[in-house]
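Here's the structure we're looking at; comments come further down.
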Number of protein chains: 2
Amino acid sequence: MNAPLHFKAATLHDVAKAAGVSLITASRALSNPGVVSEKTKAKVQAAVEATGYIPNMLAGGLKSKRSLMVAGIVPALSVSQFLPTVQSLTTTLAAAGYQLLLGQTAYDPEREEAVLNTMIGRQPDGIVMTGLVQSQRARDRLRRSGIPVVETWDLSDRPIDMVVGFSHLKVGSAVAGYFLSKGWEEVGVATGSDHRAQLRREGFVATMGRDIPTAVVPAPSSLELGRRALADLLAKAPKLRAVCCSSDTLAQGVVVEAQVRGLRVPEDLAVCGFGNADFGAHTAPSVTTVHVDGPEIGRLAAQLIIDRCSGRPGAQKVFDLGFRMIERQSTCASAPA
Amino acid sequence: MNAPLHFKAATLHDVAKAAGVSLITASRALSNPGVVSEKTKAKVQAAVEATGYIPNMLAGGLKSKRSLMVAGIVPALSVSQFLPTVQSLTTTLAAAGYQLLLGQTAYDPEREEAVLNTMIGRQPDGIVMTGLVQSQRARDRLRRSGIPVVETWDLSDRPIDMVVGFSHLKVGSAVAGYFLSKGWEEVGVATGSDHRAQLRREGFVATMGRDIPTAVVPAPSSLELGRRALADLLAKAPKLRAVCCSSDTLAQGVVVEAQVRGLRVPEDLAVCGFGNADFGAHTAPSVTTVHVDGPEIGRLAAQLIIDRCSGRPGAQKVFDLGFRMIERQSTCASAPA
DNA sequence: CTGTTAGCGCATTCAC
DNA sequence: GTGAATGCGCTAACAG
């Protein structure tokens with residue numbers, strides 16, 4: 001005796017009637033089982049099976065003020081750097097009963113503001129941003145909304161609410177320190193146009209202590225853009241000895257272009273990426289990079305929101321997860337693959 | 001005169017009061033402006049600004065039965081093959097006022113069923129699956145729910161509702177036809193373990209007309225797995241002349257492993273991928289592949305749901321978007337990059 | 001342990 | 001054009 005083809009979905013009312021209990025008892029049997037007798041619970045369970053009942057979480061959320069949804073906002077899904085973060089964010093949230101509402105900003109502050117407004121209207125229990133929120137109006141509005149917000153992949157003294165990330169300036173500086181230790185003179189930067197990549201470049205240039213030839217390519221980066229960036233850099237600096245790239249994808253493109261031009265990597269040209277993408281350890285040569293724990297960023301962001309929603313305090317607002325350089329063959333012939 | 005820090009968000013009731021109109025007039029001024037006088041609209045607009053009102057879409061959806069949310073379900077976000085589809089899906093939906101609820105199944109039919117049940121509870125106006133829904137119970141439940149469902153990246157005579165994709169069997173067959181035309185005798189397959197990749201392998205083997213050495217790697221694929229797959233295949237078939245891969249990522253790994261072993265691609269070993277990933281045209285050698293219009297799949301899926309929600313008929317249920325082979329250097333030394 | 005009462009914030013009837 | 005009632009499906013309060 002199946003439900004009719006889709007006249008109307010069963011409601012909790014139908015379940016209660018079928019089980020011979022009151023509406024609220026049925027509700028409790030499902031969402032707060034500890035407080036209902038075993039016998040009643042069994043009756044309700046049977047009624048749920050019989051009716052094919054699926055709770056309407058929108059209705060529940062309206063009253064309880066908990067939507068069990070979290071908004072996750074990225075520049076674009078194609079920015080593979082953020083994928084492990086979004087993946088672990090989604091997984092961690094799902095394990096706690098939350099679903100992710102996805103938004104894309106296309107690196108555009110206006111779209112960002114629009115997306116955030118739409119999201120707020122859906123009453124998410126939390127918002128996770130990749131990057132810091134650009135628009136001041138959006139920051140104010142978020143702060144006043146009272147919704148827990150986690151900004152990620154960056155740091156700030158004055159986050160909207162919480163922030164989980166690392167210092168891009170320090171990343172750039174660390175790579176520059178590494179380049180200096182190698183004694184490379186003629187160096188260049190291949191970088192995406194986005195804010196965080198530019199910050200890394202600033203850190204790099206500051207530590208190098210002088211102006212550095214730079215090729216800027218539009219975000220998101222790609223292998224093709226990496227190839228173009230190297231062509232661009234070689235035109236500016238024919239004796240180029242080493243390149244600092246704002247992503248492993250870009251670095252891979254630089255390596256390919258170098259090889260096509262007959263340059264040996266790392267003997268003629270050293271290349272460093274960023275992000276520790278999974279492929280970087282397995283290319284030939286393998287690519288030196290800066291490791292950032294993307295999955296942990298997502299997991300922690302999710303946990304912070306889950307904790308906040310559970311009423312736990314959470315004193316700490318700023319979480320610096322740091323980074324570390326991974327030396328591979330693209331800067332050091334004797335490095336392990 | 002800002003709203004208090006977050007005592008309570010403004011409701012439509014507050015807006016109506018501030019504007020000196022009734023609740024329903026305020027509602028209409030926002031959601032059905034054509035039917036309200038200009039003067040009233042202006043007053044309501046001003047009140048919206050003053051109160052910082054953001055509509056609660058959960059509440060609206062409860063009554064109107066339209067949540068303006070669409071569930072999008074992928075095996076895992078890290079399967080880069082689906083990214084362009086999810087991206088265009090999200091963008092197309094957003095342009096029509098819909099948001100995407102993201103779910104991940106990890107290629108596990110049980111998780112798939114669980115995810116679908118959760119999603120149905122959120123009353124989405126549509127559900128977009130990558131792949132066909134495996135579990136028969138989930139299929140029945142979805143059909144009865146009356147929610148528009150689009151299965152994608154595959155074809156079926158009996159979709160739950162609608163399907164947008166192409167024939168994986170035919171893809172495999174087309175690649176086999178190409179290999180046969182080249183006269184390659186010793187060929188192998190490197191394939192992911194997922195259902196659709198296996199279908200392509202079946203098509204390939206059927207057209208080759210004999211058993212083919214195969215290396216199966218767990219989905220999702222990676223460059224590293226591609227390298228391992230070639231090692232595996234060469235152990236089975238030392239005279240291997242050509243490899244058919246279930247993704248461009250795998251193909252890239254096969255190329256790298258071949259080069260490391262001193263095999264020239266394509267002279268000693270030809271390699272074909274699948275998916276036309278953006279990097280494949282820019283590696284050295286560039287990678288022959290099968291192009292599938294991922295963004296169009298997402299766009300069409302979104303459009304079908306939007307149309308259905310707007311009450312338009314939509315007679316066609318099955319959309320075969322086809323595919324085409326792109327010959328590049330990894331199978332043909334004289335091919336363009 | 002169970003039930004009754006009252007809404008959550010909005011949009012769909014109807015009236016005027 | 002505008003407004004007053006009613007209820008979407010569910011759960012927080014309180015009662016018993």
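Only a predicted model underlies this, so the values are computations on that prediction, with no experimental measurement involved. Below, read A as the first sequence line, B as the second, and so on, with proteins coming before strands; counting in each chain starts at 1.
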> What's the closest nucleotide to the A:T25 side chain, out of C:dG9, D:dT2, C:dT2?
Replying inline: C:dT2
>> Nearest to the side chain of B:T40, heavy atoms from C-beta on, is which of C:dC8, D:dT2, C:dA11?
In response: D:dT2
> According to a strict under-4.0 Å criterion, is A:S37 in side-chain N/O contact with OP1 or OP2 of C:dT2?
Replying inline: yes
>> With side chain to side chain contact (heavy atoms under 4.5 Å, CB included) as the test, pick out the partner of B:L12 among B:V44, B:L23, B:V48, B:I24.
In response: B:L23
> Counting side-chain heavy atoms from CB outward, which of D:dG9, C:dG3, C:dT2 is closest to A:T11?
Replying inline: D:dG9
> Between C:dT4, C:dG9, D:dC10, which nucleotide gets closest to the side-chain atoms of B:K63?
Replying inline: C:dG9
> From C:dT4, D:dC10, C:dC8, pick the nucleotide closest to the side chain of A:Y53?
Replying inline: D:dC10
>> Can you tell me if A:S27 touches the phosphate of D:dC10, counting only side-chain N or O atoms and a distance under 4.0 Å to OP1 or OP2?
In response: no
> Atom CG of A:N56 to atom P of C:dC10: distance rounded to whole Å?
Replying inline: 17 Å
> Closer than 4.0 Å, any side-chain N/O of B:S64 to the OP1 or OP2 of C:dA11?
Replying inline: no
>> Measure CG/A:L58 against C1'/D:dG7 and give the value in whole Å, please.
In response: 16 Å
Considering only nitrogen or oxygen atoms on both sides, find all protein atoms under 3.5 Å from nucleotides 13-16 of chain D and state each distance.
none

